[in-house]
Amino acid sequence: MTGTTRSNRLTVLGLTVPGLIGMAVSFLLPLLWLLRMSFNRGDSSGLIEETFTFDSYAQFLGDSYYWDMVWETTILGLGVTVLTLVVSYPIALFLVRTESRFKGVLIALAVAPLLTSSVVRTYGWLVLLGNQGVVNQALLATGLIDGPLALINNKLGVYVALVEIMMPYMILALLAGFGRFNPELEHAAQSLGANRWRTFWRIVWPLSMPGVLTGALLVFVLTISAFVTPRLVGGGKVFYLATEIYDQATETLNWPFAAAMAFILLGLFAIVIVLYQRALRRIEAQ
Amino acid sequence: GCGNGTATNANDSADSGTITVKGYSGVFEDNFQKAVIEPFKKKYPKIQVKYVGSANSAENLASLRAARNTPDTDVSIMDISTSGTANKSQLFAALDPAKVPNMADIDPRGKVEGNFGPALTFDSLVLIYNDSVSPAPTKWESLWDPKYKGKVVVPAQPDIQGTALMLVENQKGGGDYTKSVDAGVARLKQLAPNVQTWDPQPDQYTLVQSNTAALAIGWNARAQYYQDQSQGKMKAAIPDEDTIFQINTINLVKDSPSPAAAQTFLNYALSPEAQASFTDTMFYAPTNTKAKPSDEALARTSLDPKKSAKILDVDWSQVAANRDAWTQLWRRQILAG
Amino acid sequence: MAFLQLSNIVKKYPGTDRPSVADFTLDIDKGEFISLLGPSGCGKTTTLRMIAGLIEPTSGQIHLDGGELTRAPVHQRGMGLVFQNYALFPHLDVERNVAFGLEMRRVTKSEARRRVEEALDLVRLGHLKSRRIKQLSGGQQQRVALARALVIEPSVLLLDEPLSNLDAKLRDTMREEIRAIQRKLGITTVFVTHDQDEALAVSDRIVVMSEGVVEQVGTPEEIYEHPANKFVAGFIGRANLFECEIKRTSGGVAELQVAGLGPMHAIDDHGAPGAATVLVRPHRLRISAADDDAHGTVETVVYVGDSIEYGVRVGDSTVSVQSVAGRDGRLEQGARVRLSWRAEDALVLK
Amino acid sequence: MAFLQLSNIVKKYPGTDRPSVADFTLDIDKGEFISLLGPSGCGKTTTLRMIAGLIEPTSGQIHLDGGELTRAPVHQRGMGLVFQNYALFPHLDVERNVAFGLEMRRVTKSEARRRVEEALDLVRLGHLKSRRIKQLSGGQQQRVALARALVIEPSVLLLDEPLSNLDAKLRDTMREEIRAIQRKLGITTVFVTHDQDEALAVSDRIVVMSEGVVEQVGTPEEIYEHPANKFVAGFIGRANLFECEIKRTSGGVAELQVAGLGPMHAIDDHGAPGAATVLVRPHRLRISAADDDAHGTVETVVYVGDSIEYGVRVGDSTVSVQSVAGRDGRLEQGARVRLSWRAEDALVLK
Amino acid sequence: MTSKLRGWPTRILVTLLYLFLLAPILIVVVISFDTQSTMAFPPQGFSFQWYARLAENAEFIHGFQVSAVVAAGVALLALLIGVPAAVALTWHEFPFRGVLSGFFLSPLMVPAIVLGLALLLVLAPMRITGTYGGLIVAHLAITVPYVIRTTSMSLMTMNRSCVEAARTLGASPWRTFRRVTLPLIAPGVLAGGVIAFLISFDEAVISLFVVGPQATTLPVEIFHYVEERTDPQIAALSVVLIAISIVFVVVIERVAGLKKVLR
Ligand SMILES: Nc1ncnc2c1ncn2[C@@H]1O[C@H](COP(=O)(O)OP(=O)(O)OP(=O)(O)O)[C@@H](O)[C@H]1O
Ligand SMILES: Nc1ncnc2c1ncn2[C@@H]1O[C@H](COP(=O)(O)OP(=O)(O)OP(=O)(O)O)[C@@H](O)[C@H]1O
Ligand SMILES: [Mg+2]
Ligand SMILES: [Mg+2]
């Protein structure tokens, strides 16, 4: 069924053309415009000069400040991805396995946060972690601390809020990735002497890799392009590529520079995608 | 498509038509609706006014710029530094003095060269504080007080509140912002340990009101408004030293779908009655010299005759030109610490 | 005391109306080779899975070596299990599938490699070591599953139809290999099979099940020669069951009046006259052409290599007769025949 | 012209070094029942899947009813296929699994219900209609797969070990049911099985394969009585192969000198003197106690119900002898014996 | 086995993680009944005033309508073009497969803010900014990759012999897909659809650029609202949204059996 016959090619064409058209209109065209924009010259008062120059790229690449920012962004993406995976996996696994009557409700609960605007959820975190927040009040009341801890307006807050905001996406991806999870394989491993821990690492985990990879990619991408949460929780002290692009695009109004940064970000993420696809192909081969 | 997107609009005349006004959202929108748009609608029942909120001036400009070939907005309200850029990029049209006679009565500080959109409101930078703070602060210096470590809020550059504070401090330190802001930056560097957040969320008025922060800088009009709203939990203090004006201009969008009706509206917004009414509701100082707001409202504005002498003179186009450079200075020298 | 003890095991799956295993009791000695035999769906797999600990009995206990097992976690039971559907790990290759159990036991790399190689040679798959599971034929997969269970040299080996997809020759070989290892290491083995011949050939004892119930437990010869009831008689090997009337019994031999055949003799352990059933295996029946005095007519003739199977119509039932091919003359369809048997070849069932 | 024609079919899976099916040519008549027989991994499933159109041959053509099939889409071939691993739809219950093919053919609801019921009764699963697949035993799943393929009454039926998980009794019944339907509707059938007896019992013709190559095609009797070579002889039924020297052949009977046994006779179609192999089936060998003049010693005695199997050591090889149990006297392990056969029971292979 | 899995350690761990996941929502629920006019803790009283105000907020109500319609349209369209593309990318071998698959993923690499800006400049001349169609087009590119990813994941893990079985039983490729493949990959398709819906429903950044006076989405309304005000009306709105989603889920559960779909 996977020969490269003519009918196969027609099938492939039929299957992909609608997608290609949709993507062309809603992505490729804008992207090309963007590329053109990145070669214009913008000045700091927001005026744009139509020309063809690599100034913006040069400005970005020649400034170590931006390189640090790229680094910070990458670390944020990886950190949030790993943490999200760690806290989401047990929930997903539980949901796949449970025979509980409340399974449907539990799944709904895991996804429900998504229906609450991430802006609102971030506010929830502000209320929870702020100086007058629930956590600080509780800690003060128990006498464990004598002044409020700085839980937000710093990186810590950004990580906590982002991890929570990304969890439902990760859970959804993992749930789908487990597919029709076959408990028989777990049984087989156990009958061969694998304890729960090793059954997990040797059987469940590798078999859930498609879901893990998908979830990881999803979260990584959403994280590095997230700007609302770092904005709201970062206290103006943390800078990532996304917030920087946002600033350039909406505050400084230097669109050419914003566009150039976007393309640099794109190049960076192309690397991630390539790695992802390579990993995926390894799994697919199985 | 957008209903009123064509450049020549048969329905447009000085007393009928549909216009779209783009300006700040939130309390500004609420009060502007109440104090200006509603009375206007009563006066010109055949003109439909649609108000579209945008988060800030830059966003407003961005959307104007994107839609420059097919504008769907007629009137735009934005900060003067941003409107300067818009004027330069030919996004706004010059007003017809005949159609906007009230332009003539605008305070000189609010007039813009070439008959482009003039000032709609005057505002100034003030201190705001939680009512648990005593004694009540009267000078910018209080922000540096070590007892407020981690309890001060300053919206950072490119927000013009941060810019304004820097300019004030720069001036105090003997600097000339047209040449260098190093003195101001040095002062703010010292302030950094005290600052809880440079990017207050939801905003500094709320943080101070809930006592999450003790002290902050803010705009007078809003501060006064929230002081009333919070029953005094948050207070505004117009400092008895130099401060800076914030000016919002009202502009006619180039190729606006309904330029005639739009200018009728502009003229009304600049009229003494509308200006007085807006001052009474939200404490923006009127720009029309003939406006007669109530005395107690006027006393709480930056135009209070006792204070206006201390307004620093700022060339906003200079500020706009330096915006990016200054932002980088803040990033690398103040915020990173 | 028995090594592996199943006491009054019951399993009822939720949503079913009858238990799939009902009151199953069995004592298995150390090193014994037990076969579970029974029709499809009678509860063999269910029983095996309860021993392995993969499903919990609804009631009843399992003891291993004197200790209660019912609550022990699966991986500590040290049992080797071949699943009916193989349950091979799709993400590992053949070699690593087989090595899995050894790794879990922290056997050294070199030792593990040696043993995996041995096990794969045993199942004749040495040359496919690094194949992915998806790239194997059905029988090859089954053999990987077998190697995976054998390589860990478990103290209890549970085999669920481990040879069902192999050809007779390979099945014979595999069966002998299993038996040899089992003997050498004294592995207690429970072997589920649908193949009666196989069960008869390898088992120390056979458990015949039907609809979740144990019908008979005994050595192959006991089961075959002295089936406890009609079900066992009919299930193990092919059987002709004749309704008859016992006239008289003397010296363990009964005189019978068999419907359609007339007076006959048979071994009888029970001794009471009256209505009964007599069992005669097809190959113990003798068939001879007879024009007059015939009992019936040959309806079908099937050639099965080693022998010829006749279906003979007697009255309104059909009797199977198996005759060694090539040795006796061949009868044609439609031939009128007489049937007979020796008393020691027939058994009265009650 | 043949109904189903396979011409020079080759299949080489990517990444393997030898083709899994090599130059397979076979003509099948309409209504014929063909069995594919061969050791595990010899390419039976691969062949079947190529006929069904699930994998494309690397080269070669398939014609059905005169038309080239190689390019026809699977769903228009109208073939019924039972998969070796069942491939049941986990999201549908038993009834809807079986009904699937009928729905695809837009059979009316009531008609479909009737036929599904019939098919399920046929495989003895009428009572499990609304079970989920997961809740069935292995054999029950296999029967659902069978019912699903039969219910559509296809013109070509492809069965890949459809009975491997059933007990002998059920297997017999199912086999007969398949055969009856097949005959009634004239369904051309290709039946993959690992069970030689089954193949011998039901097939019109048998194809014996080995390592992707067809070794022999013929009726059951041809295959069994006249195997084309040692592989077929050894694979179909059990066989003793003796190395020997042909002295002389006259009237189709050869005089032989067999190593360890001395002078013997055998049927010989070839006629040339010299070194050869002679085939004697275990049940055609006669065994008798003999203190002097013995050929060998009884090494193993296995009781297999219907008969007794002896392993007799002759020189340094082992000869299998099968003797009907209960009819002849029983020999003990260690007994010294003589072996003999009748000329017509032995065959010279070249 | 199952009884052991429900052991206490697992339960406690899962409960704690759920608590973390739901913490901000719980806070939001509590605050929505507060009498204070800012979002702060602890609450000062109990009232429904914010719900009452919400009911009168025409912008939120209209925004909700727009968002729901747009999100549903986007999810549907994304599934319609994403699922076939996923089938092609996972099951078929063809030249440039890797390139194509990279292309379909690439919208994820472009920060929403930039894409929003870019979309505005492309859509504005087409005069479809601020329309349902424009919003759907704008959200399409960022949702299709999710559909493709989750779907191909399920396609990869499903048992393909079921598809073969269906084909031999006479099902055309399309019917095979509808009757066998689709039910078997339902978890992935459903996840993709849900993610697409939610991403569109929650998308604020791109929308900021392409909304117009005629059609403004809820997140944009919320975004504008919180820039100026932080009263618990937003909290009340969130609670209402959660309630709607739970009703929605319960209905699906009743009608289709979510458990089955996701298992
Ligand atoms: N996808 C594959 N890739 C590579 N090799 C394969 C693949 N599928 C089967 N083979 C090999 O091709 C040969 C024939 O396989 P096939 O499945 O046809 O065997 P079979 O005769 O059906 O065996 P069995 O009786 O064990 O099912 C085997 O050696 C097998 O390992
Ligand atoms: N999960 C389940 N839920 C409900 N009933 C089940 C379940 N698993 C098995 N059964 C039923 O229990 C009975 C016994 O099943 P079991 O798998 O033990 O049979 P088996 O003896 O192994 O049969 P086979 O030889 O066909 O594999 C069968 O009738 C089967 O339908
Ligand atoms: Mg079973
Ligand atoms: Mg096979």
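Below, chains carry the letters A, B, ... as their sequence lines are ordered, and counting in each starts from 1.
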Closest non-hydrogen contact found for Thr16(A) with Phe104(E) is O-CZ, 4.2 Å
Bottom line for Val274(A): the part with an atom under 4.5 Å from chain E's heavy atoms is neither
When the 4.5 angstrom heavy-atom criterion is applied to Tyr146(E) and chain A, the contacting part is side chain
Whatever's closer than 4.5 Å to a heavy atom in chain E on Leu28(A) counts as side chain
So CG of Leu109(A) and CD1 of Ile242(E): to nearest 0.5 Å the spacing works out to 9.5 Å
The interface call for Ala110(A) against chain E, heavy-atom contacts under 4.5 Å, is both
Okay, Leu21(E) and chain A: the region with an atom under 4.5 Å from a heavy atom over there is both
Of Val87(A), Leu32(A), Ile171(A), the largest count of non-hydrogen pairs under 4.5 angstrom with chain E goes to Val87(A)
Nearest heavy-atom approach of Val122(E) to Pro30(A) is CG2-CA, 3.6 Å
Cut-off 4.5 Å, heavy atoms of chain A, and the answer for Ile81(E) is both
Of all heavy-atom pairs linking Tyr18(E) and Ile107(A), the shortest is OH-N, 4.4 Å
The interface call for Thr151(E) against chain A, heavy-atom contacts under 4.5 Å, is neither
Cut-off 4.5 Å, heavy atoms of chain E, and the answer for Leu128(A) is side chain
Minimal heavy-atom distance between Met167(A) and Leu17(E), with the atoms involved, is CE-O, 4.1 Å
Counting heavy-atom pairs under 4.5 angstrom with chain A, the leader among Ile195(E), Leu241(E), Leu218(E) is Ile195(E)
Applying a strict 4.5 Å limit to non-hydrogen atoms, the region of Leu26(E) in contact with chain A is neither
Cut-off 4.5 Å, heavy atoms of chain A, and the answer for Ile142(E) is neither
Counting heavy-atom pairs under 4.5 angstrom with chain A, the leader among Ser101(E), Ala78(E), Ala71(E) is Ser101(E)
The reported gap from CD in Glu164(A) to CG in Leu22(E) (rounded to nearest 0.5 angstrom) is 8.0 Å
Scanning both residues in full, the closest heavy-atom pair of Ala23(E) with Trp125(A) reads CB-CH2, 4.3 Å
In this structure, CG of Leu119(E) is separated from CG of Leu34(A) (nearest 0.5 Å) by 10.0 Å
Cut-off 4.5 Å, heavy atoms of chain E, and the answer for Leu217(A) is side chain
Side chains of His92(E) and Leu15(A): does their closest heavy-atom pair fall under 4.5 Å? yes
Under 4.5 Å to a heavy atom of chain A? For Val137(E) that would be both
Comparing Val119(A), Leu29(A), Val134(A), Leu31(A) against chain E, the one with the most heavy-atom pairs below 4.5 Å turns out to be Val134(A)
Interface check, chain A: of Gly116(E), Pro84(E), Pro145(E), most non-hydrogen pairs under 4.5 Å belong to Pro84(E)
Separation between CG (Leu13(E)) and CD1 (Ile91(A)), nearest 0.5 Å, reads 8.0 Å
Heavy-atom nearest pair, Val120(A) first then Ser238(E), reads CG1-OG, 2.9 Å
Okay, Phe201(E) and chain A: the region with an atom under 4.5 Å from a heavy atom over there is side chain
Comparing Ile224(A), Leu20(A), Leu241(A) against chain E, the one with the most heavy-atom pairs below 4.5 Å turns out to be Leu20(A)
Apply side chain to side chain contact (heavy atoms under 4.5 Å, CB included) to residues Val28(E) and Tyr123(A) and explain how you reach the verdict. CA-CA 8 Å; Val28(E) 165; Tyr123(A) 270 100; over 6 Å; no
The interface call for Tyr276(A) against chain E, heavy-atom contacts under 4.5 Å, is side chain
Okay, Leu106(A) and chain E: the region with an atom under 4.5 Å from a heavy atom over there is both
message: Using side chain to side chain contact (heavy atoms under 4.5 Å, CB included), reason through Arg121(A) and Ile27(E) one step at a time and then give a plain yes or no.
response: CA-CA 9 Å; Arg121(A) 276 199 287 157; Ile27(E) 286 294; over 6 Å; no
Between the CZ atom in Phe27(A) and the CG atom in Leu140(E), the distance rounded to the nearest 0.5 Å is 12.0 Å
Chain E shares the most heavy-atom pairs under 4.5 Å, among Pro113(A), Ser225(A), Pro168(A), with Pro113(A)
Between the CZ atom in Phe103(E) and the CE atom in Met23(A), the distance rounded to the nearest 0.5 Å is 5.0 Å
Cut-off 4.5 Å, heavy atoms of chain E, and the answer for Gln248(A) is neither
